[in-house]
Amino acid sequence: MVKTRFAPSPTGYLHIGGVRTALYSWLYAKQKGGDFILRIEDTDLERSTQESVDAIMEGMEWLGLEHTEGPYYQTQRFDRYKAVIQQLMDNDLAYYCYATSEELDDMREQQRERGEKPRYDGRYRNFTGTPPEGVKPVIRFKNPLDGDVVIDDIVKGKVTVSNKELDDLIIARSDGTPTYNLTVVVDDWDMKVTHVIRGDDHLNNTPRQINLYHALGASLPKFAHIPMVLGPDGSRLSKRHGAVSVLQYKEEGFLPEALLNYLVRLGWSYKDQEIFSIQEMIEHFDLETVNSAPSTFNTEKLLWINQQHIQNTDIENLVKNLAPFMQAKDLDATQGPDLALVADLLRERAKTLIEMADGAVYFYQDFKSFEEGAAKKHLRGVAEEPLQKVQEKFAALSDWSKEAIHHAIQEAADELEIGMGKVGMPLRVAITGGGQSPSIDGTAELIGQQRCLDRISMAIEYIQERIKNA
Ligand code: GLU
């Protein structure tokens with residue numbers, strides 16, 4: 001059975017590039033009917049924080065990348081790592097290294113002077129003498145001296161590294177705590193991970209890890225190293241390019257499935273399809289065809305995809321995601337039309353849920369003034385009569401439907417022998433407070449008859465006031 005995992009280190013926010021790797025792992029497990037493990041790699045006690053763990057959990061949950069196993073915490077597995085390190089020591093596959101950091105600095109300096117690549121020279125590999133006093137040793141793995149390591153990577157293809165290039169890796173620090181390369185191997189082995197899907201920033205570690213697997217008598221998982229996500233300037237995507245934390249995208253009004261859709265396409269494609277539902281991603285995703293070159297993050301594209309999902313998602317889902325943004329603006333959806341109807345009207349134009357919530361204000365809250373620019377342009381003397389006319393027509397309607405409203409506006413314009421726009425624009429400013437809204441008849445319908453009549457009165461007063469003061 002296929003088992004994949006996502007193994008973030010909780011040392012910061014949940015990075016959007018990391019999420020793409022998590023998504024690929026999740027999709028692969030999901031499509032194969034396998035398991036997806038969440039593992040928190042928190043052995044770096046100084047840099048790991050609970051806040052970061054919480055952000056990982058919240059981000060994964062928001063995105064719906066649910067794990068079927070875990071979360072495991074590496075800090076709860078120290079006994080196991082110790083036992084494995086001991087086993088390697090007992091089998092003469094690991095050794096204490098007493099070299100001090102000054103000594104190692106000197107060694108590297110000399111290597112550089114000789115034009116060699118700095119690497120640990122194995123000076124304690126076969127040490128049998130008396131250990132120097134006062135030095136707390138690290139433990140190093142005896143990397144094989146000869147031969148090659150071949151990574152048969154699903155994304156990168158065959159990568160061959162000579163063991164001569166690899167030095168003896170530290171598997172336990174001088175305080176006894178295990179290092180990443182050891183814990184990751186022990187965990188993936190113990191947890192029976194079949195596919196290690198991770199960022200290609202770890203490709204350098206993989207040959208060493210493969211040697212560790214062999215030393216432990218463990219069978220190898222398959223590896224898939226996913227290229228990095230780059231910013232527009234070609235460097236690795238980071239804060240200075242804009243938002244990289246997943247939760248920031250949540251706050252900025254993206255639908256989780258839109259973000260996933262964007263990320264799945266970043267480095268993978270299926271025919272020329274751009275928009276994918278989660279189900280379609282699961283169905284079509286193919287690890288084998290993930291691009292082996294890095295991809296560039298593009299916010300405009302992400303916004304476009306978000307817009308597509310906002311337009312096409314089912315209305316319950318849209319309302320569920322929009323609700324927190326309404327709350328954040330203190331908009332009480334019980335104080336006006338059904339939010340589903342408003343959302344359906346607003347979704348044609350909005351790129352984000354924030355834009356939708358901004359656009360929803362006048363459906364739920366009355367306003368005391370009109371937007372300055374729009375009022376200046378449209379609430380002028382010439383608009384007084386059309387507004388009066390349309391108000392009369394509106395007041396007389398017993399059927400407050402979009403069609404009836406449309407008809408009433410048409411009639412007002414016809415009777416005054418003016419174009420629809422001469423009625424429509426002042427009316428829009430009157431009932432929404434601004435110059436921008438979805439179709440005026442649909443908007444008026446949802447705002448409601450009484451509210452529309454009151455707001456038109458307010459606009460007429462505004463105009464009269466304006467004439468008086470002119
Ligand atoms: N904890 C590692 C990281 O966050 C990932 C290790 C792995 O996937 O093998 O970079």
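Just so you know, ligand 1 is whichever comes first in the structure, and atom 1 is the first atom listed for that ligand.
Nearest to atom 8 (O) of ligand 1 among the protein's heavy atoms is Arg5 NH1, 2.7 Å. Among all protein heavy atoms, the one lying closest to atom 10 (O) of ligand 1 is His202 NE2, 2.8 Å. Closest protein heavy atom to atom 5 (C) of ligand 1: Ala7 O, 3.3 Å.
Of the residues listed (Asp188, Asp187, Thr194, Asp35), the one engaging Arg5 in a side chain to side chain donor-acceptor pair (under 3.5 Å) is Asp188, and it is the only one. Checking Asp42, Ile40, Val53, Thr75 one by one against Ser48, the side-chain contact (heavy atoms from CB on, under 4.5 Å) holds for a single residue, Asp42.
Checked against the 6.0 Å centroid criterion, the rings of His309 and Phe276 do not qualify as a close aromatic pair.
Contact atoms of ligand 1 toward Arg198: 7 (C), 8 (O), 9 (O) (distance under 4.0 Å to a heavy atom of the residue). Below 4.0 Å from some heavy atom of Glu41 lie the following atoms of ligand 1, by number and element: 1 (N), 2 (C), 5 (C), 6 (C). Close contacts between ligand 1 and Ser9 involve ligand atoms 1 (N), 2 (C), 3 (C), 4 (O) [criterion: under 4.0 Å to a heavy atom]. Set against the non-hydrogen atoms of Val184, the atoms of ligand 1 under 4.0 Å away are 9 (O).
The main-chain N or O of Asp168 is found under 3.5 Å from a side-chain atom of Arg140 such that the two form a donor-acceptor pair. A distance-only check finds no donor-acceptor pair linking the side chain of Gln335 to the backbone of Tyr364 [under 3.5 Å].
At least one heavy atom of Tyr180 lies less than 4.0 angstrom from ligand 1.
Legend: residues meeting side chain to side chain contact (heavy atoms under 4.5 Å, CB included) with Thr289, ordered by chain and number and at least two apart, are Trp268, Asp286.
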